[in-house]
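Okay, structure first, notes after.
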Amino acid sequence: MRINNMLHFTENHRYCVYRDFGLSAVDGRMLSLVYQPMAGAFAIGFYRLLAERVSLEQVGYSPIEQQRELFLTLGLEPSEKGRKYLIEQASKLEAVGLLQTSRLYIPERDDYIYEYELQAPLSPADFFRTQHLTLLLRDKIGKFAVLALRERMFCEEPPEWTGMAYNKENISVPFYDIFELNTHAIDYELEQAIAESSMSRQPGGLQGAEEEAINYADIIIRFPRESANRAFVEGLRFNSEGMGIANYVARKYELSVQDLCRLLDEDGVFGPDGSLLLESLQHKANLHFRQGKRRKDEREVAYAKVVALRASETAAGEGMPEEVAVQMEYYVEVPPQFRSKCDIHQYNMMLRNEPYTRLLKTFFPGSVPDNLLDIFEKIDLNYKLPGEVINVLIHYLMELLTSGGEQRINRNFVDAIAANMLLKRIDSYEKAVQYIRNQAKIRKEKSSGAAPQAAAGRSRAYGRTGAAKPDIPIVESSANGEAVTEEEFAELLRMAEQMQASKQNKASK
């Protein structure tokens, strides 16, 4: 617990406890025999006291109360000495992984509320696989005591199995072999009620982010004091919307805290009122991302010449704080190259929530080609298509490639699909999935109707005698109002460009 000013942590401040697990008998033994020698008896007593603030039959939040009750129950004086001692004990619990402390600022009251989020003790197997905790316990009680304690926490296999050779076969029955869900009838009221009553931890309130995100302290400690944007950055301290924009851009373009600080220091990223401008920050982040990618490629080539090894790719960026679930009626099939890596649920969640820059990397074993990045960068920044729609478009293009419907992806073909989506107001994941389903249906009808027409054309050609007039390709209007597929639309654009180029060549001659 990092407290710089003791006046910000007193017995008069309020607190609450969050616990999403229950303490079992094994957890109790782990606390008494393993964690207590490391953190001390007082710290473990403080942990048990916090755990009892939430009813043992429930999980979630405790009522908000003053910390005076904690001081009096623990026998601490409500003075500076008692506050320092309580902070020290909480820090020990945080260091061994039993507690996470957060401080929430209430601007209306100009006051702080402390949230103590308890973490479950590790199981014996997980604890003794954690090296730093095992070494700390060895330093506290000795090596042989640790080995004896490990034997006390585990029950060995039956003696009849010792030294016996056997083949183990998993004969468990999976869920869908017994139960069948009705996925066509969706109960929206039930889903909404579960979502509203869930104990998910969201950023900005009494709930913390599931994935680690860049916070205000990380930015302000690295931001230059002499910068003209210093006042604007300080305004992000209690601006959850501005911090959300910064984290979204940082994760999308894999920015570190230092990179984000450099971008926030540039002109044009803040409005006159101090608000963070998403489009301007995203544009600068995209330029930084592309330049970093080129520099990385150059480094990899240089390293390959020296050591003949390819450098590993940069690790993944920070997670978006919030994921949106996909309804099963809008699931798309998993491409063949992903079937061994993820199931249909994971793949559809990736399509719905990942940025297109991260999704493209999953389709390529190495770096993503620059021409593809240019195509989807234009769709994202100029066409303003939502991210989940771009992901469905990428899935559709890869599906066409694997099915043999399109031999290569060119800019005109992708622009034709994106323009069609814009005209049809495709602005959500569900609309995009329905769109590609309709296009697949149209392509199937076109392909099934093309074979009889080709056969009839060949039979008429065989009956001709003498020289025949050359067939002039023309664009016939569809009398029955059939839709035009993306392949046909792209082909029409290509033919029009060729005709226009030929006219210009004749005129120049």
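Judged purely by atom type and a 3.5 angstrom limit, T101 has no side-chain atom pairing as donor or acceptor with the backbone of Y114. At distances below 3.5 Å, at least one donor-acceptor pair connects side-chain atoms of N247 with backbone N or O atoms of M243. Between the N438 side chain and the Q434 main chain, a donor and an acceptor come within less than 3.5 Å of each other. Formation of a donor-acceptor pair under 3.5 Å by the R222 side chain with backbone atoms of C261 is not found in this model.
Heavy atoms only, all atoms of each residue included: Y216 and L236 are closest at CD1-C, 4.0 Å. Minimum heavy-atom separation, I214 to A250: CD1-CB, 3.9 Å. Here the closest heavy-atom approach between residue C16 and residue Y61 is recorded as SG-CD2, 4.2 Å. Here the closest non-hydrogen pair linking V249 and A285 is CG1-CB, 3.5 Å. Considering every non-hydrogen atom in both G97 and Q119, the closest pair reads O-CB, 3.2 Å. A pairwise comparison of heavy atoms in I426 and L385 identifies O-CD2, 3.8 Å as the closest pair.
Atoms CE and CG, on M398 and L393 in that order, are 9.5 Å from each other to the nearest 0.5 Å. Atoms CE and OH, from M349 and Y331 in turn, are 7.5 Å apart once rounded to the nearest 0.5 Å. One distance of note links OG1 of T357 with CD1 of I390; it measures 10.0 Å at 0.5 Å rounding. To the nearest 0.5 Å, the span separating CZ on R103 from CD1 on I113 amounts to 12.5 Å. To the nearest 0.5 angstrom, Y253 atom OH is 13.5 Å from L260 atom CG. One finds the CZ atom of F232 at 9.0 Å from the OG atom of S275 (value rounded to the nearest 0.5 Å).
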For residues 262-270, which side-chain donor-acceptor pairs fall under 3.5 Å, sequence neighbours excluded?
unit_1, atom_1, unit_2, atom_2, d
R262, NH2, D259, OD1, 2.2
D265, OD1, S227, OG, 2.3

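Heavy-atom contacts from other residues, nucleotides or ligands closer than 6.0 Å to CD of E180 number 12 or fewer. Environment of CD in Q346: crowded, with over 12 heavy atoms of neighbouring residues, nucleotides or ligands closer than 6.0 Å. The local environment of NE2 in H283 is sparse, with at most 12 non-hydrogen atoms from other residues, nucleotides or ligands closer than 6.0 Å. Within 6.0 Å of atom CD in E333, 12 or fewer heavy atoms from other residues, nucleotides or ligands are found, so the atom counts as exposed in its surroundings.
For the side-chain hydrogen bond (donor to acceptor under 3.5 Å, both in side chains) with Y429, the qualifying choice from N391, N353, N348 is N348, the only one to do so.
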Pair L351-V326, side chain to side chain contact (heavy atoms under 4.5 Å, CB included): steps then yes or no = CA-CA 9 Å; L351 282 185; V326 181; over 6 Å; no

For T362 and M350, what are the C-alpha separation, side-chain angles and deciding distance, and is it a side chain to side chain contact (heavy atoms under 4.5 Å, CB included)?
-> CA-CA 10 Å; T362 60; M350 179 175 64; 4.2 Å; yes

Go through the steps for D343 and V334 under the test side chain to side chain contact (heavy atoms under 4.5 Å, CB included), then give the verdict.
-> CA-CA 7 Å; D343 55 19; V334 183; over 6 Å; no

Please report the C-alpha distance between Y116 and M1 in whole Å, then the side-chain angles of each, then the deciding distance to 0.1 Å, and finally whether the side chain to side chain contact (heavy atoms under 4.5 Å, CB included) criterion is met.
-> CA-CA 11 Å; Y116 299 104; M1 186 185 297; 3.9 Å; yes

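Taking 4.5 Å as the limit, some side-chain heavy atom of H395 sits within range of a side-chain heavy atom of Y347. At a threshold of 4.5 Å between non-hydrogen side-chain atoms, the residues Y356 and I379 do not count as touching. Residues V332 and V433 meet the side-chain proximity criterion, which asks for heavy atoms closer than 4.5 Å. Considering only heavy atoms from C-beta on, F376 comes within 4.5 Å of L397 through its side chain. With contacts defined as side-chain heavy-atom distances shorter than 4.5 Å, the pair H345/M328 qualifies. For the pair N420 and Q439, the minimum side-chain heavy-atom distance is below 4.5 Å. I417 places a side-chain heavy atom less than 4.5 Å from the side chain of Y435.
Salt bridge R230/E234: present, at least one basic N to carboxylate O contact under 4.0 Å.
When the side chain to side chain donor-acceptor pair (under 3.5 Å) test is applied to N239, no partner is found at least two apart in sequence or on another chain. In this structure Y112 satisfies the ring pair (Phe, Tyr, Trp, His ring centres under 6.0 Å) test together with H8, Y105, sequence neighbours excluded.
Between the side chains of S102 and E117, no donor N or O sits under 3.5 Å from an acceptor N or O.
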